[in-house]
Amino acid sequence: MKMLAFQFRVATVLVCACVFSQSAVAAETLSIVKKRGHVQCGVSQGLPGFSNPDDKGNWVGMDVDICRAVAAAVFGDSEKVKFTPLSAKERFTALQSGEVDMLARNTTWSMHRDTGLGVDFTGVNYYDGQGFMVRKELGITSSLELGGASLCTNLGTTTELNAADYFRTNNMEYEIVAFEKADEAVAAYNTGRCDAYTTDQSALYAQRLKLTEPSAHVVLPEIISKEPLGPVVRQGDDQWGDIVRWAHFAMVNAEELGVTSKNVDKMKADKNPAIRRLLGVDGTFGENMGIGNDWAYHIIRTVGNYSETFERNVGKSTPLGIARGVNALWTQGGLQYAPPVR
Ligand SMILES: N[C@@H](CCC(=O)N[C@@H](CS)C(=O)NCC(=O)O)C(=O)O
């Protein structure tokens with residue numbers, strides 16, 4: 001009995017020490033970032049439209065823009081950021097261990113991740129849902145015709161779990177063929193190893209571009225899950241969480257207020273109090289987060305507003321050709337909504 005009590009005390013001390021050291025690291029992110037001189041951002045290993053190196057090796061995409069927005073908020077310079085490509089499986093460990101300051105890696109906000117992994121989601125920069133892609137020649141028009149199919153996808157994703165739910169609910173057999181690297185999953189599907197490729201619908205459009213003959217494949221109409229994709233930070237560092245959260249909100253508010261990378265300098269002289277507060281002309285909103293009051297001005301000047309990042313990376317004029325849909329502003333019937341700067 002005595003021995004048990006002793007073991008319990010030792011275990012409690014160890015757990016407390018571990019929790020304490022974890023939150024001590026978490027609570028210092030802003031000062032670590034400032035000292036280091038750049039933000040270290042965890043991204044995908046290459047997902048067009050979200051985080052992908054361009055032909056000159058520069059990282060581009062909507063997730064990359066969130067990383068750049070945070071750098072612009074902290075340093076007034078969106079170039080002060082470095083990218084760590086992470087597989088789906090390794091992303092949370094990289095964040096928990098402090099290898100990266102934040103994740104912006106097409107990561108779905110789920111309850112298990114938010115409450116069970118010592119991390120916090122700061123918002124949703126892209127509302128998505130899981131879909132399926134198949135070869136046109138199969139003549140399939142609905143995912144309900146996929147009974148008995150083999151599905152290529154990635155390890156450590158919500159995708160595997162949703163597929164299990166969907167096929168069970170609809171009494172269909174299936175086989176998951178999961179890979180750690182996304183390119184392996186795409187290559188396997190490309191060579192006919194699987195009947196279908198399944199992931200977030202935006203990523204289906206992105207990965208289809210990598211296939212030998214993209215036009216020979218069709219994305220089926222059904223969306224089988226909710227995949228709210230957003231930036232993630234370590235739990236226990238509210239100041240850093242606020243900066244990442246408001247970097248996204250600044251871009252959404254800028255779109256709503258008509259502030260763009262092109263007119264932001266002129267807008268500083270605008271009479272609209274909401275614009276003046278957003279751009280740091282009035283108020284001390286940046287100071288409250290431990291950064292400059294012109295934090296949002298630098299985000300909009302260098303990265304742009306939400307519409308600019310959407311259209312540049314995934315919009316109608318890009319190879320992905322995605323419509324705003326549910327990612328339209330709330331004022332246009334969509335879900336993108338930011339609390340006010342006041
Ligand atoms: N949103 C889902 C899926 C995320 C995911 O990792 N998808 C794969 C398939 S598209 C991916 O991002 N691959 C790109 C990469 O690993 O570089 C999640 O958070 O679990």
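In each ligand, atom 1 is the first atom listed, and ligand 1 is the first ligand listed.
The proximity of L229 to ligand 1, defined as any non-hydrogen pair under 4.0 Å, is limited to the side chain. At a heavy-atom cutoff of 4.0 Å, ligand 1 is contacted by the side chain of T199 but not by its backbone.
In this structure, the protein non-hydrogen atom closest to atom 14 (C) of ligand 1 is A182 CB, 3.3 Å.
Considering E99, Q40, R91 in turn, Q40 is the only one that fulfils the side-chain hydrogen bond (donor to acceptor under 3.5 Å, both in side chains) rule with T84.
Scanning L86, T159, N106 for the heavy atom closest to atom 4 (C) of ligand 1 points to N106.
Using a cutoff of 4.0 Å between basic side-chain nitrogens and carboxylate oxygens, D265 and R301 are not scored as salt-bridged.
Around atom NZ of K136, more than 12 heavy atoms belonging to other residues, nucleotides or ligands sit under 6.0 Å away.
R91 counts as a contact of ligand 1, since one of its heavy atoms falls under 4.0 Å from the ligand. Taking a 4.0 Å cut-off on heavy atoms, Q130 fails to register as neighbouring ligand 1.
By the 3.5 Å distance cut-off applied to N or O atoms, G46 is counted among the residues near ligand 1.
The aromatic ring centroids of Y189 and H217 lie less than 6.0 Å from each other.
Classified by interplanar angle (parallel below 30°, tilted 30° to 60°, perpendicular above 60°), the ring pair Y306/F310 is tilted.
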